[in-house]
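These figures come from a predicted structure and were not determined experimentally. For ligands, and for the atoms within them, numbers begin at 1 and follow the listed sequence.
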Amino acid sequence: MRAVGGEGAILITGSTGFIGRHVTRRLYQAGRRVIALGRSQGGVSGTKRLKSLLGIPAGDNGVEMIESDLTQLDAGLGSSEVARLRANVQTVIHCAGDTSFFPRTTADSRAIFIAAPLALLKALLPGRLERWCQISTAFVCGRRGGAVFESEGAVGQKFHNPYEEIKLESEIALKEFCARLGIDLRILRPSVVIGPESSTQGGSPSNLLYQFIRLAAALSGRGKGAQLAVRIQGRPAAHFNIVPIEYVSAAIEVLSEQPAAAGGTFHLVVSQPPTQEAMLQMITSRLGANGLRLIDERREPMLGASSLENRVARMLSPYREYLEQDVSFDNSAARSLLGPAGITCSRLDEKTIDDLVAMALSQTCQRVPPPAAISPPSA
Ligand SMILES: NC(=O)c1ccc[n+]([C@@H]2O[C@H](COP(=O)([O-])OP(=O)(O)OC[C@H]3O[C@@H](n4cnc5c(N)ncnc54)[C@H](OP(=O)(O)O)[C@@H]3O)[C@@H](O)[C@H]2O)c1
């Protein structure tokens with residue numbers, strides 16, 4: 001029995017993506033009625049893809065999947081599908097997106113982040129729809145440094161890339177549209193999400209971190225490697241803003257429907273993130289790799305880089321600017337609602353780091369392509 005009480009269905013876009021699949025799995029396991037929108041790929045139907053990603057047996061109809069390309073007219077939905085969605089969907093969680101920092105065209109990126117949600121919203125009305133939960137990013141703050149608050153949006157910031165700028169445009173467009181239609185809009189802004197390997201673009205930052213951990217492990221195992229001096233450009237004292245997918249998906253589950261979250265904007269981040277230096281130390285101490293050292297080039301120019309140091313720099317280059325940014329995301333609003341629900345992520349604890357290192361060294365992660373293949377860079 002999937003439908004619980006009088007609750008309407010939850011519609012999830014991007015259910016095959018890095019974040020969407022975790023959210024879909026959680027809601028499915030919680031017994032909620034979930035309708036997923038998704039695409040077929042390489043001749044494999046959206047339903048088959050999703051069931052295989054979630055490990056749902058073929059005969060289990062707990063997650064209903066509707067094939068949909070969100071950038072098509074009416075999201076590629078037929079009139080009977082639209083009627084079914086109008087009659088059932090109370091909440092939408094919009095996880096679909098293109099997380100390339102530099103998309104092929106900005107028009108493509110605007111199509112999926114702005115035009116698609118507005119078109120889907122229009123298609124669902126009139127109907128049972130009450131809430132729209134938009135998965136944005138904490139990096140709508142662009143290049144800002146220092147404290148960034150959940151209430152802040154466009155404050156004249158400069159951006160690292162079109163991705164950040166379009167994500168902010170999307171927040172603004174949805175706010176205006178939902179206010180006009182009387183739809184309760186909730187904006188959820190994760191920082192950099194880390195979780196099990198995903199071949200989708202949204203999994204690229206995770207995959208890169210795993211790759212870095214494997215490199216550190218390889219150095220430690222190389223005889224004298226444990227003592228090799230490798231300098232890495234960054235800001236040792238800056239926050240390292242990653243957040244585990246388990247926390248992000250649990251937070252999305254709660255904040256997408258909790259009445260007190262209505263109309264809110266929430267940073268989904270680790271409350272007290274480690275510094276880059278502390279993060280490096282936590283990783284290398286587990287691996288016995290002692291020679292890796294962060295340097296701030298503003299204070300200590302990186303002269304005479306070795307080939308290994310150049311290799312590490314190339315590997316991290318898609319995220320270089322983020323390693324030079326020191327931003328602190330205030331998450332008071334998220335904490336005030338998630339804490340009482342028992343969902344907390346105050347720091348990256350020992351177990352999280354253990355799991356991260358174990359994951360990186362596991363067989364599954366060995367199949368992640370080398371850095372050069374992780375292109376284009378993504379959120
Ligand atoms: N990953 C992060 O670290 C991170 C951090 C902060 C915010 N975010 C935000 O979180 C959201 C989800 O990101 P993610 O990491 O899950 O990305 P992802 O792994 O790349 O997944 C993107 C999803 O969007 C779907 N999609 C793309 N274009 C579509 C279209 N035209 N029609 C239907 N579906 C389409 C993809 O479907 P297919 O599987 O069919 O391609 C996939 O399911 C994005 O808005 C992103 O900006 C991500």
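- Ligand 1 has S68 within reach: a non-hydrogen atom of the residue lies less than 4.0 Å from it.
- Close contacts of ligand 1 with T71, meaning ligand atoms under 4.0 Å from a residue heavy atom, involve 31 (N).
- Using a non-hydrogen distance threshold of 4.0 Å, A75 does not register as a contact of ligand 1.
- Residue S191 touches ligand 1 through its backbone alone, judged by heavy-atom distances below 4.0 Å.
- When each atom of ligand 1 is checked for a heavy atom of K167 under 4.0 Å away, the hits are 44 (C), 45 (O), 46 (C), 47 (O).
- For the ligand labelled ligand 1, residue P190 lies inside the 4.0 Å heavy-atom shell.
- Q134 and S170 are linked by a side-chain donor-acceptor pair at a separation below 3.5 angstrom, with hydrogens and angles left out of the test.
- Heavy atoms from both the backbone and the side chain of V193 come within less than 4.0 Å of ligand 1.
- Checking only distances, T200 does come within under 3.5 Å of ligand 1, N or O to N or O.
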Can N310 and S307 be said to form a side-chain hydrogen bond (donor to acceptor under 3.5 Å, both in side chains), step by step? CA-CA 5 Å; N310 284 330; S307 60; over 6 Å; no
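- We find that E309 and R231 are joined by a salt bridge, their nearest charged nitrogen and carboxylate oxygen being less than 4.0 Å apart.
- Side chain to side chain, S204 and N207 fail the donor-acceptor criterion of an N or O pair below 3.5 Å.
- Not a single heavy atom of R189 lies less than 4.0 angstrom from ligand 1.
- The backbone of S136, and not its side chain, has at least one atom closer than 4.0 Å to an atom of ligand 1 (non-hydrogen atoms only; backbone = N, CA, C, O).
- The distance criterion of under 3.5 Å between nitrogen or oxygen atoms is met by L70 with respect to ligand 1.
- For the 3.5 Å distance criterion, the side chains of Q233 and R320 qualify, holding a donor opposite an acceptor.
- At under 3.5 Å, a nitrogen or oxygen of F18, whether backbone or side chain, sits near a nitrogen or oxygen of ligand 1.
- For atom 31 (N) of ligand 1, the candidate residues are D69, N241, I135; the nearest heavy-atom contact is made by D69.
- Considering both main-chain and side-chain atoms, P205 never comes within under 3.5 Å of ligand 1 through any nitrogen or oxygen pair.
- Of the N and O atoms on the side chains of S346 and Q272, not one donor lies less than 3.5 Å from an acceptor on the other residue.
- Heavy-atom proximity to atom 37 (O) of ligand 1, evaluated over T16, I12, L37, is greatest for T16.
- Between the side chains of D98 and S109, no donor-acceptor pair of N or O atoms lies under 3.5 Å.
- The option with the heavy atom closest to atom 11 (C) of ligand 1, from among C95, S100, G20, S15, is C95.
- Ligand 1 has no N or O atom lying under 3.5 Å from any N or O atom of V192, backbone or side chain.
- Nearest-residue assignment for atom 1 (N) of ligand 1 (options G202, G38, G46, A138; heavy-atom criterion): G202.
- Polar contact with ligand 1: absent for F113 (N/O pair, distance under 3.5 Å).
- Put simply, no part of F139 is less than 4.0 Å from ligand 1, judged by heavy atoms.
- Between the side chains of S100 and Q201, a donor-acceptor pair is found at a separation under 3.5 Å.
- Cluster partners of V140 are F159, L168, I172, counting Ile, Leu, Val, Met, Phe, Trp and Tyr whose side-chain heavy atoms approach within less than 4.5 Å, directly or via other members.
- Side chain to side chain, D108 and T105 meet the donor-acceptor criterion of an N or O pair below 3.5 Å.
- For F139, the ring pair (Phe, Tyr, Trp, His ring centres under 6.0 Å) partners at least two apart in sequence or on another chain are Y322, F329.
- In this structure, a donor-acceptor pair under 3.5 Å is absent between the side chains of S136 and R189.
- Atoms of ligand 1 found under 4.0 Å from any heavy atom of T99 (numbered from 1 in listed order, with element): 13 (O), 17 (O), 20 (O), 46 (C), 47 (O).
- Between F101 and Y319, the two ring planes are perpendicular [angle over 60°; tilted spans 30° to 60°].
- With a 4.0 Å heavy-atom cut-off, ligand 1 is reached by the side chain of R49 but not by its N, CA, C or O.
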